[in-house]
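Structure first, then comments.
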2 protein chains.
Amino acid sequence: MSLLDAAAQVLRCYGADCTDLTVTELVTRLGMPKSNASRLLRAMRDAGLLENVGASKRYRPGLLLVDAARVYLRASSLIARADAMLARIVADCGHTGHIALREGREVTAITDHPGTKALRVASSIGTLLAAFASATGRSLLARLPEAEVRALYAAGFAPPSPSAPQDMADLLRRLEEVRRRAYATANDEASRGIGAVAVAIVDPRDGQAVSLCIAYPAATTDAAERRSLLAALLDGAAEIAALVGDATHAVRPRAG
Amino acid sequence: MSLLDAAAQVLRCYGADCTDLTVTELVTRLGMPKSNASRLLRAMRDAGLLENVGASKRYRPGLLLVDAARVYLRASSLIARADAMLARIVADCGHTGHIALREGREVTAITDHPGTKALRVASSIGTLLAAFASATGRSLLARLPEAEVRALYAAGFAPPSPSAPQDMADLLRRLEEVRRRAYATANDEASRGIGAVAVAIVDPRDGQAVSLCIAYPAATTDAAERRSLLAALLDGAAEIAALVGDATHAVRPRAG
DNA sequence: TGGACGGTTTCACGAAACGGAACGTTGGTT
DNA sequence: AACCAACGTTCCGTTTCGTGAAACCGTCCA
């Protein structure tokens, strides 16, 4: 593992469940020798990638990441478009929506639109989910060739719940279903009591893929409502897909 | 210069005026040998710090920076509070406002609130300004001991305009004025035709400092309006300062 | 006081980064 | 087709840096 890989691993620790790190926490998280951890955190701080929390020995992300991250988000017209579309769908249906991207075997929400109903799903920003065991993840995995999915999970996977795919064959079958219908669903899978429906769009110009997702409380959302929000999602995705040239949504399958 | 320093320098290139980089551009920007630049960009990409724009040889920030940057912004209740306050002031006065932080000898806007007037100042997000030659920068420098300001500018500075501080004595005199009044101003300094007023708040718990700034078109903003928005800014800053324990704004000097 | 704990520093050696030069690729011009 | 320019990659010998284990340091608590 190179020094840059180590630094990137450190940065990946930060998210909804981790706002700062100590040497010992890094040792525990990454299995790194204590002296390496101490020196790496200090070198990253000195470079500006991290900063200390006041005079403490705690390290958090540094300011220089903010502008670069902003460039990432703004460089992508696909993200911007998908996000605007999702905002409209959320405003109409009242459920929580987010845009998710895949990073390796995980997915992360990068934008978030809280719903307006009394009972709604909480923000998932900054939380990493296993791609194979989430609607957004499966919608994105379905856009990969089978060989690539097999290579990604060459070491196998541990299902987090009984409703998640149980093995490679199960996963591939579900991805084939996603490809056929053009959307993915999840129920009680990453989080209890929550259902989700997700649609992926790929920008053929640069290969970037995003997933638009609506998450809803399973107990209070009946079949008619689920059909309605799925239709809105598929319509919205088709509109963006037409703009960026993603042929997958050219003929939209009937929701059902 | 260590490898991490080099990587951080690359990330600092990204902002409002740079959304992606090639090997040659990096050579030009950082004066780095070509082979080093090629290897560095590739190593950063392989680590996830950067990614290629499609199949091109252009590199842009990688997704992993987004969550870490978000943690930076959310970890700071000071930024959140200052931003909310500024939003209210902007809504009232109609001019453009932003929150700025200092990084070394420069300041960068991290949040932005466009004004509502017909003539308003454009967004400055992602643009670095010289701290000594901007209102936000001077409001933040005034919160440093004089020795620290001298050390920061040990190599001297080149004034970007006739209204900017011309030498160290001039800068120190202005910073003393900022300390006395608790706010900094700029006119025609970083940008022609624009005036700005800025107030800094320091969170004594972790030493974090932010500057709240309102920027306005100099030609159409009369003295009464300037006094009014300065009063709003000072009132807002005093309110936040009381919450975080910054004693500087405990007794607010009369604006004038 | 002694021990536990978190973090830092030291050390010798192997790994990685260095910069210049050669090489490979692409596109444009004659 | 041959040539040239520009960009990016790879090679090579040398130098620098990162490695992990162990020692050390500072703080806190029984």
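Letters A, B, ... are given to chains in the order of the sequence lines, protein chains preceding strands, and every chain is numbered from 1.
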Taking the minimum atom-to-atom distance to the side chain of [X], which one of [options] wins?
{"X": "B:S35", "options": "C:dG20, C:dG7, C:dA17", "value": "C:dG20"}
{"X": "B:T24", "options": "D:dC7, C:dG7, D:dT10", "value": "D:dC7"}
{"X": "B:S2", "options": "D:dT9, D:dG18, C:dA17", "value": "D:dG18"}
{"X": "A:R39", "options": "C:dG7, D:dA21, D:dG8", "value": "D:dA21"}

Which whole-number value in Å describes the distance from [X] [atom1] to [N] [atom2]?
{"X": "B:L30", "N": "C:dA17", "atom1": "CG", "atom2": "C1'", "result": "16 Å"}
{"X": "A:L26", "N": "C:dG6", "atom1": "CG", "atom2": "P", "result": "14 Å"}
{"X": "A:D46", "N": "D:dC17", "atom1": "CG", "atom2": "P", "result": "14 Å"}
{"X": "B:K57", "N": "D:dT9", "atom1": "NZ", "atom2": "P", "result": "5 Å"}
{"X": "A:L3", "N": "C:dC18", "atom1": "CG", "atom2": "P", "result": "11 Å"}
{"X": "B:L21", "N": "D:dG8", "atom1": "CG", "atom2": "P", "result": "11 Å"}
{"X": "B:D5", "N": "C:dA17", "atom1": "CG", "atom2": "P", "result": "14 Å"}
{"X": "B:R58", "N": "D:dA6", "atom1": "CZ", "atom2": "P", "result": "17 Å"}

### Task
Could I get the full list of salt bridge (Lys or Arg N to Asp or Glu O under 4.0 Å) partners for A:R150, not counting sequence neighbours?
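In terms of salt bridge (Lys or Arg N to Asp or Glu O under 4.0 Å), with neighbours along the sequence ignored, A:R150 is linked to A:E146.
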### Message
Under 4.0 Å between a side-chain nitrogen and a carboxylate oxygen: does that hold for B:R12 and B:E103?
### Response
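Answer for the salt bridge query: yes.
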### Query
Is the backbone of B:K34 close enough, under 3.5 Å, to the side chain of B:S38 for a donor and an acceptor to pair up by distance?
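Answer holds: no.
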### Task
Tell me which of A:A6 and A:K34 sits closer to the 5' end of DNA chain D, going by the nucleotide each one is nearest to.
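Whichever sits nearer the 5' end wins; that is A:A6.
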### Message
Enumerate the side chain to side chain donor-acceptor pair (under 3.5 Å) contacts for residues 21-30 of chain B, please, sequence neighbours excluded, ordered by first and then second residue.
### Response
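For residues 21-30 of chain B, and leaving out neighbouring residues, the side chain to side chain donor-acceptor pair (under 3.5 Å) pairs sorted by first residue read B:E25-B:R58.
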### Query
Between A:L4 and A:Y59, who's closer to the 5' end of DNA chain C by nearest nucleotide?
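Nearest nucleotide further toward 5': that of A:Y59.
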### Task
Test side chain to side chain contact (heavy atoms under 4.5 Å, CB included) on A:R60 and A:T19 and set out the steps.
CA-CA 6 Å; A:R60 68 187 178 193; A:T19 59; over 6 Å; no
#### Entry: N/O (side chain, A:R42) to phosphate O (OP1/OP2, C:dT9) under 4.0 Å
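True: A:R42 side-chain N/O within range (under 4.0 Å) of C:dT9 OP1/OP2.
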